[in-house]
Amino acid sequence: MRITGGTLAGRTVECPGGVIRPAMDRMRESLFAILGDLTGLSFLDMFSGSGVCALEASSRGAHPVYLVEKDPIKVETLFKNVAMAPHRIECKFMAVELFLKRSREQFDIIYFDPPFPYKFHQELVKMSGELPVLKPGGLAVIHRPRERDMPDEIGRMKRTDLREYGRSIVDFYSKE
């Protein structure tokens, strides 16, 4: 995998062991083009896997950047990958649901990329809107399989955009 833009564009990211479904370069490049300049914005990468989305955000000016991953097999590779970031990326190794509930930090953008068999996409978006982890006016972005439908409104979150990439869909929800 490679980083598609920003100061780290073209750098290669190592893929960790275990179960992983890395976001396609084309999809990531499109996602970050939609998000635009991230300078001065905070970014949270949930179900981080290799850390490539956290690195994309950092490469494009986001700071602070956090990533959350619970699979211990990925720890060593994640630390190796995030070492190239222009600013420190905070790494948290726990379930994303637990992080959402416990976080004292607030973020402008939360990116969720759960494994495709994961069944609680709506709950993640709802938690983002109800808990203080997402700033008012913040954006929750969720990558999901086409066959898992998502409503236009989930609690305090309203879908503002939807993009299709083959079997994948990326939804953008804004916190009202």
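By convention here, the first residue in the shown sequence is residue 1.
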>> If you define the side chain from C-beta out and look only at heavy atoms, does anything of Leu8 sit under 4.5 Å from Glu56?
In response: no

> Is the count of non-hydrogen atoms from other residues, nucleotides or ligands lying under 6.0 Å from Glu76 atom CD greater than 12?
Replying inline: no

> Are any of the side-chain heavy atoms of Ser42 and His63 separated by less than 4.5 Å?
Replying inline: no

>> Rounded to the nearest 0.5 Å, what separates atom CD in Glu105 from atom NZ in Lys135?
In response: 9.5 Å

> Is a side-chain donor or acceptor of Ser59 paired with a backbone partner of Gly5 at a separation under 3.5 angstrom?
Replying inline: yes

> So do Phe172 and Leu139 actually touch side chain to side chain, heavy atoms under 4.5 Å?
Replying inline: yes

> Which heavy atom in Cys53 sits nearest to a heavy atom in Asp45, and how many Å separate them?
Replying inline: CB-OD2, 3.6 Å

> For the side-chain hydrogen bond (donor to acceptor under 3.5 Å, both in side chains) test, which of Arg26, Arg60, Arg11, Arg28 pairs with Thr4?
Replying inline: Arg60

>> Treating Glu176 as the side-chain partner and Met157 as the backbone partner, does any N or O pair qualify as donor plus acceptor under 3.5 Å?
In response: no

>> Please determine whether residues Leu162 and Ile110 belong to a single hydrophobic cluster, defined as Ile, Leu, Val, Met, Phe, Trp and Tyr linked transitively by side-chain heavy-atom distances below 4.5 Å.
In response: no

> Would Asp113 and Tyr111 satisfy side-chain contact (heavy atoms from CB on, under 4.5 Å), going step by step from the backbone distance to the final call?
Replying inline: CA-CA 7 Å; Asp113 194 3; Tyr111 175 67; 3.5 Å; yes

> Run the side-chain contact (heavy atoms from CB on, under 4.5 Å) check on Gln106 and Val133 step by step: do they pass?
Replying inline: CA-CA 4 Å; Gln106 285 192 304; Val133 68; over 6 Å; no

> Under 6.0 Å between ring centres, would you say that holds for Phe120 and Tyr118?
Replying inline: yes

>> Does Arg102 have more than 12 heavy atoms from other residues, nucleotides or ligands lying within 6.0 Å of its CZ?
In response: no

>> If I take atom OG1 from residue Thr77 and atom NZ from residue Lys80, how far apart are they, to the nearest 0.5 angstrom?
In response: 6.0 Å

> When rounded to the nearest 0.5 angstrom, what is the spacing between CE in Met1 and CG in Asn81?
Replying inline: 7.0 Å

>> Within the structure provided, determine whether Leu78 and Ser50 are in side-chain contact (heavy-atom separation under 4.5 Å).
In response: no

>> If I take atom CZ from residue Phe112 and atom OG from residue Ser48, how far apart are they, to the nearest 0.5 angstrom?
In response: 12.5 Å

> For the residue pair Tyr165 and Leu31, what are the closest heavy atoms and their distance?
Replying inline: OH-N, 4.2 Å

> Where is the tightest heavy-atom contact between Gly129 and Lys175, given as atom of each residue plus distance?
Replying inline: O-CE, 3.1 Å

> Would you call Arg167 and Pro145 a side-chain contact if the rule is heavy atoms closer than 4.5 Å?
Replying inline: yes

>> What I'd like to find out is whether the side chain of Leu55 reaches to under 4.5 Å of the side chain of Ile89, using heavy atoms alone.
In response: yes

>> Show, in sequence, the C-alpha distance, side-chain angles and deciding distance for Leu100 and Glu97, and conclude whether the side-chain contact (heavy atoms from CB on, under 4.5 Å) test is met.
In response: CA-CA 5 Å; Leu100 288 172; Glu97 299 86 355; 5.5 Å; no

>> To the nearest 0.5 Å, what is the distance between CD on Glu164 and OG on Ser30?
In response: 12.0 Å

> Can Arg144 and Asp171 be said to form a side-chain contact (heavy atoms from CB on, under 4.5 Å), step by step?
Replying inline: CA-CA 8 Å; Arg144 64 177 167 94; Asp171 297 288; 2.4 Å; yes

> Knowing that exactly one of Asp108, Ile109, Val65 qualifies, which makes a side chain to side chain contact (heavy atoms under 4.5 Å, CB included) with Leu38?
Replying inline: Ile109

> Any side-chain heavy atom of Lys101 sitting closer than 4.5 Å to one from Leu131?
Replying inline: yes

>> If hydrophobic clusters are built from ILVMFWY residues whose side chains come within less than 4.5 Å, do Phe47 and Val68 share one?
In response: yes

>> Do Met27 and Ile34 land in one hydrophobic cluster if side-chain heavy atoms of ILVMFWY residues count as linked below 4.5 Å?
In response: yes

> Taking side chain as C-beta onward, heavy atoms only, is His121 less than 4.5 Å from Met150?
Replying inline: yes

> Using 4.0 Å as the upper bound for N to carboxylate O, is an ion pair formed by Arg156 and Glu130?
Replying inline: no

> Leu124 and Leu134: same hydrophobic cluster, using ILVMFWY side-chain contacts below 4.5 Å?
Replying inline: yes

>> Set out, in order, the CA-CA distance, both residues' side-chain angles and the distance that settles salt bridge (charged side-chain N to carboxylate O under 4.0 Å, His left out) for Asp161 and Arg159, then state yes or no.
In response: CA-CA 6 Å; Asp161 199 356; Arg159 184 166 39 203; over 6 Å; no

>> Are there over 12 heavy-atom neighbours, none belonging to Lys70, within less than 6.0 Å of that residue's NZ?
In response: no

> Got a sec, which residues hit side-chain hydrogen bond (donor to acceptor under 3.5 Å, both in side chains) with Arg88, two or more places apart in sequence or on another chain?
Replying inline: Glu90

> Should the ring pair Tyr66 and Phe99 be called parallel, tilted or perpendicular, given that the plane angle runs from 0 to 90° and is split at 30 and 60?
Replying inline: tilted

>> Do Val82 and Leu44 sit in one hydrophobic cluster, given that two such residues count as connected whenever their side-chain heavy atoms are within less than 4.5 Å of each other, even indirectly?
In response: no

>> Is the distance from the ring center of Phe107 to that of Phe43 below 6.0 Å?
In response: no

> At their closest point, which heavy atom of Lys126 faces which heavy atom of Ile154, and how far apart are they?
Replying inline: CB-CG2, 3.6 Å

>> Determine whether Ser168 and His143 satisfy the following criterion, side-chain hydrogen bond (donor to acceptor under 3.5 Å, both in side chains), listing intermediate values before the conclusion.
In response: CA-CA 7 Å; Ser168 297; His143 179 202; 2.9 Å; yes

>> Assess, by modelled atom type and distance only, whether the side chains of Tyr173 and Ser128 contain a donor and an acceptor separated by less than 3.5 Å.
In response: no

